[in-house]
Each structure stands twice: as C-alpha cells, then as structure tokens.
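To keep things clear, I will list the structure first and then write my remarks on it.
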Amino acid sequence: MKSEPDCFSIDDLAKAPKKTTCWDGVRNYQARNFMRSMEIGDQIFFYHSSVEPACLVGVAEVVKKAYPDHTALDPKDDHYDPKATPANPIWEMVDIKFVRKFDESLTLVDLRDVKGLEKMELLRRGSRLSVQPVTAAEWKIVNGLAEKKATKR
DNA sequence: GCCAACGTTGGC
DNA sequence: GCCAACGTTGGC
C-alpha cells in the first residue's frame with residue numbers, strides 16, 4: 001500500500017492510537033477491489049511514494065475487513081465523491097495496524113534487478129496503483145532483502 | 001519541473 | 001462503444 005509520507009507515513013501509523021488507521025481515500029476501482037479481497041491478518045508492505053528515494057519502509061497488517069469509506073460521502077472532504085451514497089458508498093477501506101518498520105528502507109533501486117521480483121507490480125513501468133498485490137514469493141524475497149540490508153549496515 | 005503512463009470523462 | 005482530451009500520479 002502506498003502513501004505519501006508527507007500525508008501519512010509509517011511513523012504516523014506507529015504513533016496512531018492502537019497503531020491502527022483506516023485506509024481511506026482510495027478512489028480507484030482496482031485498488032478498492034484488492035482491499036475487498038484482504039482478510040484479517042493479511043500483511044502488507046508500507047510504501048512511501050513521491051519522496052526521494054521512494055521506498056518500502058515496513059510492514060503492517062489488516063485488522064478490519066473492507067467497509068464503506070465514509071470520506072466519500074462528506075462534501076467537505078478532499079476525497080468526496082458525489083456519486084457515492086449511503087446506500088451505495090462505492091468506495092471502501094480496510095483498517096491496518098503497524099507491525100514493524102524496516103531497519104533500512106528498501107528503495108526501488110534496491111529492488112530493481114532482483115531475481116524473482118521481475119514481475120512485481122511496484123516495479124512495473126508506469127505502475128500507479130496505490131494498493132497492489134504482492135505474491136508470496138515476492139513477499140519472502142523482499143523481507144529477506146530488508147534483513148540483509150539491515151545487517152550489512 | 002518534466003513527462004510517461006495511466007484512468008476518467010464526455011462528445012459523437 | 002469508441003476515442004480524444006484532460007487530469008493525475010509518481011519516478012526521475
């Protein structure tokens with residue numbers, strides 16, 4: 001899951017009440033559908049976008065399954081969608097909880113050219129999805145890299 | 001700040 | 001239902 005750290009960083013998540021937040025504001029159907037498919041206990045990588053360097057910074061987990069995103073119904077909210085109604089909220093969100101922060105963030109450069117990550121959505125040219133799938137194999141490789149980079153420091 | 005790559009919108 | 005125009009994302 002991507003977030004601009006200026007807006008909401010992994011440190012914000014770690015400091016949040018119960019280290020938990022609702023992932024509101026997603027206004028892309030594909031991203032929403034991925035959230036709908038999430039189960040409690042599913043782990044996610046937390047990604048900082050639009051910063052130099054863009055990087056994976058840690059891990060969180062799903063603590064609440066997809067439910068309506070109320071910010072879509074609020075005309076005063078930045079993410080207001082006039083098409084959303086209480087009967088058909090259209091947009092949904094999940095709650096995620098902080099699990100850990102990597103000792104060393106993994107930049108896109110770190111991940112590029114790693115064997116087994118060739119098809120990772122995050123590394124795809126023009127990848128803009130804010131919620132995107134990670135395969136079990138990719139998950140394992142990335143976690144391994146995070147440990148390796150931390151010990152190498 | 002540039003610009004490629006998207007998703008969305010709306011005229012037809 | 002096509003597709004051009006437009007707005008946005010996000011790496012660089």
Side-chain angles (χ1 to χ4, degrees), chain A residues 1-16 21-38 42-62 66-96 98-135 137-150 152-153:
Chain A
M1 293 172 106
K2 296 186 185 179
S3 183
E4 297 193 15
D6 290 345
C7 175
F8 190 87
S9 72
I10 192 158
D11 295 322
D12 292 327
L13 180 61
K15 281 183 296 193
T21 189
C22 59
W23 205 255
D24 61 2
V26 172
R27 296 295 177 265
N28 171 286
Y29 286 103
Q30 246 188 306
R32 182 204 64 184
N33 293 343
F34 285 127
M35 286 200 292
R36 277 184 174 169
S37 71
M38 291 178 180
D42 282 356
Q43 296 209 316
I44 66 152
F45 286 132
F46 200 103
Y47 177 76
H48 283 175
S49 66
S50 295
V51 284
E52 183 55 44
C55 51
L56 288 172
V57 290
V59 176
E61 71 175 3
V62 177
Y67 61 106
D69 179 347
H70 58 84
T71 65
L73 301 171
D74 179 0
K76 288 190 287 295
D77 195 279
D78 283 346
H79 300 292
Y80 174 61
D81 181 352
K83 292 196 293 297
T85 64
N88 180 25
I90 305 180
W91 304 112
E92 298 182 15
M93 58 191 178
V94 295
D95 286 358
I96 63 164
F98 178 83
V99 172
R100 73 172 178 279
K101 187 178 172 179
F102 293 146
D103 293 326
E104 289 282 313
S105 299
L106 290 170
T107 67
L108 292 186
V109 174
D110 290 332
L111 300 177
R112 196 88 56 193
D113 300 326
V114 172
K115 195 168 179 298
L117 299 183
E118 297 88 352
K119 296 197 174 149
M120 194 170 177
E121 173 65 21
L122 186 66
L123 302 177
R124 223 193 75 235
R125 183 177 168 79
S127 171
R128 284 171 39 180
L129 264 183
S130 62
V131 179
Q132 45 179 252
V134 178
T135 67
E138 289 162 353
W139 181 268
K140 213 172 155 186
I141 292 169
V142 171
N143 267 309
L145 284 174
E147 280 172 36
K148 206 166 133 196
K149 188 169 178 185
K152 206 166 60 179
R153 182 160 50 141

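Proteins get letters first, then strands, A, B, ... in listed order; numbering begins at 1 in each.
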Short side-chain N/O contact to B/dA5 OP1/OP2 from A/Arg125, under 4.0 Å: yes
Integer-rounded Å distance: B/dC6 P and A/Leu129 CG: 10 Å
Interatomic distance, A/His48 NE2 vs C/dG11 C1' [rounded to whole Å]: 16 Å
Phosphate-side-chain proximity, A/Lys83 and B/dT9, N/O vs OP1/OP2 below 4.0 Å: yes
A/Ser127 and A/Glu121: side chain donor to acceptor below 3.5 Å: yes
d(CZ, A/Arg112; C1', C/dG11) in whole Å: 8 Å
Between C/dG10 (P) and A/Leu111 (CG): distance, integer Å: 16 Å
Distance in angstrom units between A/Asn33 CG and B/dG7 C1', rounded: 14 Å
Check: A/Pro133 and A/Phe34 side chains under 4.5 Å, non-hydrogen atoms: yes
Distance in angstrom units between A/Lys2 NZ and C/dT8 P, rounded: 17 Å
A/Leu106 side chain near A/Phe45 side chain, heavy-atom distance below 4.5 Å: no
d(OH, A/Tyr29; C1', B/dT8) in whole Å: 10 Å
Phosphate-side-chain proximity, A/Arg124 and B/dC6, N/O vs OP1/OP2 below 4.0 Å: yes
Rounded distance (Å) that lies between atom C1' of B/dC6 and atom CZ of A/Arg27: 19 Å
Among C/dG11, B/dA5, B/dG7, the one nearest A/Arg128 by side-chain distance: B/dA5
C/dT9 phosphate, OP1 or OP2, under 4.0 Å from A/Tyr47 side-chain N/O: no
Under 3.5 Å side-chain donor-acceptor pair for A/Arg27 and A/Thr71: yes
